[in-house]
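A short worksheet on the structure shown next.
Scope of the values below: all heavy atoms of this structure, side chains included, with no hydrogens, waters or symmetry mates. Position 1 is the first residue of the sequence, and the numbers go up from there.
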Amino acid sequence: MEKFTTLTGVAAPLEIVNVDTDMIIPKQYLKTIKRTGLGKGLFAEMRYKEDGSENPDFVLNKPAYRKAQILVAGDNFGCGSSREHAPWALLDFGIRCVISTSFADIFYNNCFKNGILPITVSPEDLDKLMDDARRGANATLTIDLEAQEIRGPDGGKVSFEIDAFRKHCLLNGLDDIGLTMEKAPSIEAYEKKTATVHPWL
């Protein structure tokens, strides 16, 4: 998993509340178990018209936000079904951080397991960040995970809280497999000891 330390990038304003996982990645894209290639389906029902052409009114289709790495979204982001394809699609598109006032628990946990930082802020702070994000090409935010700060284009700062263990995992690029591999020397030592004491195992 790619480490998350400091991210500076364009923030796209998604001014919609209750964005569920079916909106993030519609059901027709769930046939794969690969984590790549899902970016094209991200928000597909809003990004594309019925004929398959792009909807120019959708935020991620606007020139300033096509390469957005941060999403500033409305309340209750990631609700609905527990599909892990939702963070896969965000990551494949290039989104590394989602900021909202609240997240659905399963989506929130899946973000950390896939290298995405979900940040919960107050409604007042979200309003400020949404205003920053509306600036188009000038909507650059800096996310400093170590300092637990979001820095806006005008120098304003928003602090956020994060669980210490999850912070450690993101800073070091550790998913569940990576965490297990950190224990490899202990595992190997135990296996050698067991083989000596109980050679039939």
What's the separation between atom CD in Glu15 and atom CZ in Arg134, rounded to the nearest 0.5 Å? 4.0 Å
For the pair Leu7 and Leu117, evaluate side chain to side chain contact (heavy atoms under 4.5 Å, CB included) and give the outcome as yes or no after the intermediate values. CA-CA 10 Å; Leu7 170 68; Leu117 173 60; over 6 Å; no
Would Val59 and Phe43 count as a side chain to side chain contact (heavy atoms under 4.5 Å, CB included) here? Give the steps. CA-CA 10 Å; Val59 63; Phe43 298 118; over 6 Å; no
When you compare the side chain of Lys167 with that of Leu145, does any pair of heavy atoms fall below 4.5 Å? yes
Nearest-0.5 Å distance, CG of residue Asn55 to CD of residue Glu45: 12.5 Å
Mind checking what makes side-chain hydrogen bond (donor to acceptor under 3.5 Å, both in side chains) contact with Asp51, not counting sequence neighbours? Ser53
Supply the atom-to-atom distance Arg166 CZ to Lys113 NZ, rounded to the nearest 0.5 angstrom. 9.0 Å
Treating Ile, Leu, Val, Met, Phe, Trp and Tyr as nodes and any side-chain heavy-atom pair under 4.5 angstrom as an edge, say whether Met130 and Phe58 lie in one connected cluster. yes
Nearest atoms (heavy-atom pairs only) where Ser100 meets Gly74: OG-O, 2.6 Å
Can you name the nearest heavy-atom pair linking Arg47 to Leu42, along with the distance? CD-O, 2.8 Å
Ile16 reachable from Phe77 in the ILVMFWY side-chain graph, under 4.5 Å edges: yes
Looking at Gly136, is its backbone amide N or carbonyl O close enough to the side chain of Tyr65 to form a donor-acceptor pair, meaning the two atoms are under 3.5 Å apart? yes
Do you reckon Ile95 sits in the same ILVMFWY cluster as Ile25, going by side-chain contacts under 4.5 Å, direct or chained? no
Is there a path of hydrophobic side-chain contacts, each under 4.5 Å between heavy atoms of I/L/V/M/F/W/Y residues, joining Phe160 to Phe4? yes
Of all heavy-atom pairs linking Asp57 and Lys62, the shortest is O-CE, 3.5 Å
Can you establish whether the number of heavy atoms outside Glu50 located under 6.0 Å from its atom CD is more than 12? no
To the nearest 0.5 Å, what is the distance between CG on Leu141 and CZ on Arg151? 11.0 Å
So, Ser102 side chain and Asn76 main chain: donor-acceptor pair closer than 3.5 Å or not? yes
Scan Val98, Ile143, Ile162 and name whichever one has a side chain to side chain contact (heavy atoms under 4.5 Å, CB included) with Ile119. Ile143
Please answer whether the main-chain N or O of Asn114 pairs with a side-chain N or O of Arg35 as donor and acceptor at a distance below 3.5 Å. no
Decide, yes or no, whether a salt bridge links Asp131 with Lys128 under the criterion of side-chain N to carboxylate O below 4.0 Å. no
On a heavy-atom basis, the closest approach of Met1 and Leu174 is CE-O, 3.3 Å
Do side-chain atoms of Arg96 reach the backbone of Ile116 as a donor and acceptor pair under 3.5 angstrom? no
Take the angle between the ring planes of Trp88 and His85 and call it parallel below 30°, perpendicular above 60°, tilted in between. tilted
Here the pair of heavy atoms bringing Met23 nearest to Asn18 is SD-O, 4.0 Å
In the single-linkage hydrophobic clustering (I, L, V, M, F, W, Y; side-chain heavy atoms under 4.5 Å), do Tyr29 and Met46 co-cluster? no
Side chain to side chain contact (heavy atoms under 4.5 Å, CB included) between Asp144 and Thr6, worked out: CA-CA 5 Å; Asp144 186 334; Thr6 301; 4.0 Å; yes
Any side-chain heavy atom of Val10 sitting closer than 4.5 Å to one from Lys67? no
CG-CG distance between Asn110 and Asp105, expressed to the nearest 0.5 angstrom: 11.0 Å
On a heavy-atom basis, the closest approach of Lys49 and Pro56 is CE-CD, 4.0 Å
Are Phe107 and Cys79 close enough that some pair of their side-chain heavy atoms sits under 4.5 Å apart? no
Tell me if a side-chain donor or acceptor on Asp92 pairs with a main-chain N or O of Lys40 at a distance below 3.5 Å. no
When you measure from the side chain of Gln69 to the backbone of Gly94, do you find a donor-acceptor pair of N or O atoms at a distance under 3.5 Å? no
Show your reasoning for whether side chain to side chain contact (heavy atoms under 4.5 Å, CB included) applies to Thr101 and Thr120. CA-CA 5 Å; Thr101 51; Thr120 305; 5.6 Å; no
Mind checking the CD-CG spacing from Gln28 to Asp22? Nearest 0.5 Å is all I need. 8.0 Å
